Amino acid sequence: MEKTLHGSPSSDTMKDIDRFEEISDAEKARLEGTVWRKLDIWVLPVCTMFYLLSFLDRSNIANARVAGMQTSLKMTNHQYSIALTMTYVPYIAAEFPSNLLLKYVGPRWMLPTMVTIWGLVATMQGVVKTYSGLLACRFFLGLMEGGLFPGLVLYMSFFYPRERLQIRVATFFASASLSGAFSGLLAAAIMNLDGKGGRPGWAWIFILEGIFTFLFGLTAFLLLPNSPCTARFLSTKERNYVMAKLKADGAVADDDRSDGFSWIEVIRCCQSIHVWLLAPVLFFLGTTLYGLAYFEPTIVAGLGYTGNKAQLMSAPPFAVAFVVSMITAVISDRYGCRGFMLIFFSMCNLVGFIMFYASESQHVRYGSLFLTISGSYCGAPPVITWVANNSAPHVRRATSVAIAFIMTNSGGILATWLLGSLSPAPNYTKATITFIIMSVGMVILSFTTLAYFWHQNRLKADRRQFSTPEEELKGLGDKSAWFVYNL
């Protein structure tokens, strides 16, 4: 038997896929209505839960802070920022190598292993007695979580063609905003355990949420397939249909060698203009998104809400962002308007931060959180999908997605200091001005990238008039005249 990568189709399977166009239109319509529904039932919920738990376990430190962790561990604001930064350094370092390893180790083993281990680490945060113990936990939490989100985006691209990807990416990324709402409500409930077992309420936030993550990670070993080729819930005909769609879309290559690792493809990704046009956008978006994720409960407390009321009032902006993200993802997938969605949500960010800066009214400032949290959390799926959609083949896509998340999480490091100690509460003046400038930059660069893709598609259309696919050089990936950039 021919040796292939985990979940990669063999040469015999690829021959079956090549003959798949011969089936009737009625059969294609039946498969179209079946295969994506099966994937949405078996694959998407697990990915969504992975990311919800990832964001919950990384950002619940904000709820623990409001619940008294900072006082119990005798931490200053400066030390709190260091604890957050300690998460991001290994988080960023893990993203690129883990994305390159994902296909070779196998997503079925790699992703659940990461979830299980960080669940243990997250639980340990609830038993630390010192600041140094918290720092150690945050380091290993970042190391284990680092490869998850880029890995999930890459993993989803193994199953869904480009025009179907954003709604799925948005579904599991929207769980981040859902976790923001859920975290506040859950923290308010868990605080009732304050003093139980001799532990403060903030410790129980870490313990209970971490144990659940650990148990779900173990369960996921039984649920995830490596690829459509190994999905037991699909019939042979359904597997071939999915692979034919992915091949026609440019998501998979004709053979395993084309999708194999190559430093040349890494270099070609680094030479892609659109990757570096969107890199600053991702950095700016990461700064605003993680700033709000880690400090929104503190910002709400600064508006006059205290205790459990602050935890509860931190939930509605995230709940609204979840609903908006799902609605706009459907629109973006249906009309192929990633760039326009990114521009729209960048404008939401801009208006929201201007409201927070210009007004001293607590109600206006609280209202501004609905715009900024929706702008940040709903702007991430289109830009991440935009990067993945417009990068091919596999190694180039894996590298571009990794670069995207390195930039996003580098913004997270800046956010921990910008809102942590460089810009005092409750006005956060320096941070808000910085966010306004970043939002303007996001709008400008998003417009520029959209114009670049439109221009490149026109040039490719001209090339297609004077050549055929057979005459074109092999291995061009997204540079091929027959690869049309998503706008």
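Values in this document were obtained by computation on a predicted structure and should not be read as measured data. Heads up: numbering here begins at 1 and tracks the sequence.
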Do other residues, nucleotides or ligands put more than 12 heavy atoms under 6.0 Å from the [atom1] atom of [X]?
X: Trp417; atom1: CH2; result: yes
X: Ile433; atom1: CD1; result: yes
X: Phe221; atom1: CZ; result: yes
X: Met124; atom1: CE; result: no
X: Met347; atom1: CE; result: no
X: Phe340; atom1: CZ; result: no

Would [X] and [Y] count as having a side-chain donor-acceptor pair, cut-off 3.5 Å?
X: Ser183; Y: Asn60; result: no
X: Ser376; Y: Thr288; result: yes
X: Asp57; Y: Trp118; result: yes
X: Ser332; Y: Arg338; result: yes
X: Arg65; Y: Asn77; result: yes
X: Arg365; Y: Asn427; result: yes
X: Tyr160; Y: Asp40; result: yes
X: Thr416; Y: Ser81; result: no

Donor-acceptor pair, side chain of [X] and main chain of [Y], under 3.5 angstrom:
X: Gln362; Y: Leu303; value: yes
X: Gln70; Y: Met75; value: yes
X: Thr328; Y: Ser325; value: yes
X: Asn389; Y: Asn486; value: no
X: Asp194; Y: Pro200; value: no
X: Thr385; Y: Pro382; value: no
X: Ser423; Y: Ala431; value: yes
X: Thr123; Y: Ile211; value: yes
X: Ser98; Y: Glu95; value: yes
X: Ser359; Y: Met355; value: no

Would you say that [X] contacts [Y] through its side chain, given a criterion of any heavy-atom pair below 4.5 Å between the two side chains?
X: Tyr131; Y: Ile82; result: yes
X: Phe158; Y: Asn226; result: no
X: Thr130; Y: Leu73; result: no
X: Lys479; Y: Ser272; result: yes
X: Asn409; Y: Tyr290; result: yes
X: Ser410; Y: Ile406; result: yes
X: Tyr452; Y: Phe447; result: no
X: Ser59; Y: Tyr294; result: yes

Just verifying a value: how many Å separate [X] [atom1] and [Y] [atom2], rounded to the nearest 0.5 Å?
X: Phe159; Y: Met156; atom1: CZ; atom2: CE; answer: 8.5 Å
X: Leu419; Y: Thr287; atom1: CG; atom2: OG1; answer: 10.0 Å
X: Tyr51; Y: Leu56; atom1: OH; atom2: CG; answer: 12.0 Å
X: Asn99; Y: Tyr155; atom1: CG; atom2: OH; answer: 14.0 Å
X: Leu414; Y: Thr434; atom1: CG; atom2: OG1; answer: 7.5 Å
X: Leu371; Y: Ile354; atom1: CG; atom2: CD1; answer: 11.0 Å

Give the minimum heavy-atom separation between [X] and [Y], together with the two atoms involved.
X: Ala310; Y: Val300; value: O-CG1, 3.8 Å
X: Leu312; Y: Ala188; value: CD2-CB, 4.0 Å
X: Leu165; Y: Ser157; value: CD1-N, 4.1 Å

Should the pair Phe206 and Trp202 be assigned to parallel (<30°), tilted (30 to 60°) or perpendicular (>60°) ring geometry?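 Plane angle over 60°, so perpendicular.
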May I ask you to decide if the ring planes of His274 and Phe453 are parallel, tilted or perpendicular, using 30° and 60° as cut-offs?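 His274 vs Phe453 ring planes: tilted.
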Salt-bridge test for Asp478 and Arg396: reply yes if a basic N is under 4.0 Å from a carboxylate O, no otherwise.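 Salt bridge flag = yes for Arg396 with Asp478.
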Kindly indicate, with the supporting measurements, whether the criterion side chain to side chain contact (heavy atoms under 4.5 Å, CB included) is fulfilled by Leu224 and Phe50. CA-CA 11 Å; Leu224 280 188; Phe50 276 178; 3.7 Å; yes
My understanding is that only residues two or more places apart in sequence, or in another chain, count here; which of them pass side-chain contact (heavy atoms from CB on, under 4.5 Å) with Thr432?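 Partners of Thr432 by the side-chain contact (heavy atoms from CB on, under 4.5 Å) criterion, ordered by chain and then number, come out as Phe353, Phe356, Tyr357, Tyr428, Ile436.
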I'd like to check the side-chain contact (heavy atoms from CB on, under 4.5 Å) partners of Met442; sequence neighbours left out, ordered by chain and number.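 side-chain contact (heavy atoms from CB on, under 4.5 Å) list for Met442, sorted by chain: Val281, Phe284, Leu285, Ser346, Asn349.
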Under the side chain to side chain contact (heavy atoms under 4.5 Å, CB included) criterion, do Glu209 and Trp204 qualify, and how do the steps go? CA-CA 8 Å; Glu209 294 176 6; Trp204 284 110; over 6 Å; no
Centroid-to-centroid, Phe96 to Phe405, below 6.0 Å?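 Distance test on ring centres: not under 6.0 Å, no.
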N/O donor-acceptor pairs under 3.5 Å from side chains in residues 133-152, not counting sequence neighbours:
from, atom 1, to, atom 2, distance (Å)
Arg138, NE, Thr87, OG1, 2.9
Arg138, NH1, Gln125, OE1, 2.8
Arg138, NH2, Arg58, O, 2.9
Arg138, NH2, Thr87, OG1, 3.4
Glu145, OE1, Ser54, OG, 2.8
Glu145, OE1, Arg58, NE, 2.8

Gln79 vs Thr76, test: side chain to side chain contact (heavy atoms under 4.5 Å, CB included). Steps then yes/no. CA-CA 5 Å; Gln79 288 175 318; Thr76 64; 3.4 Å; yes
Please evaluate residues Tyr88 and Thr85 with respect to the criterion side chain to side chain contact (heavy atoms under 4.5 Å, CB included), reporting the C-alpha separation (whole Å), side-chain torsions for both, the decisive distance (0.1 Å), and the verdict. CA-CA 5 Å; Tyr88 279 105; Thr85 304; 5.6 Å; no
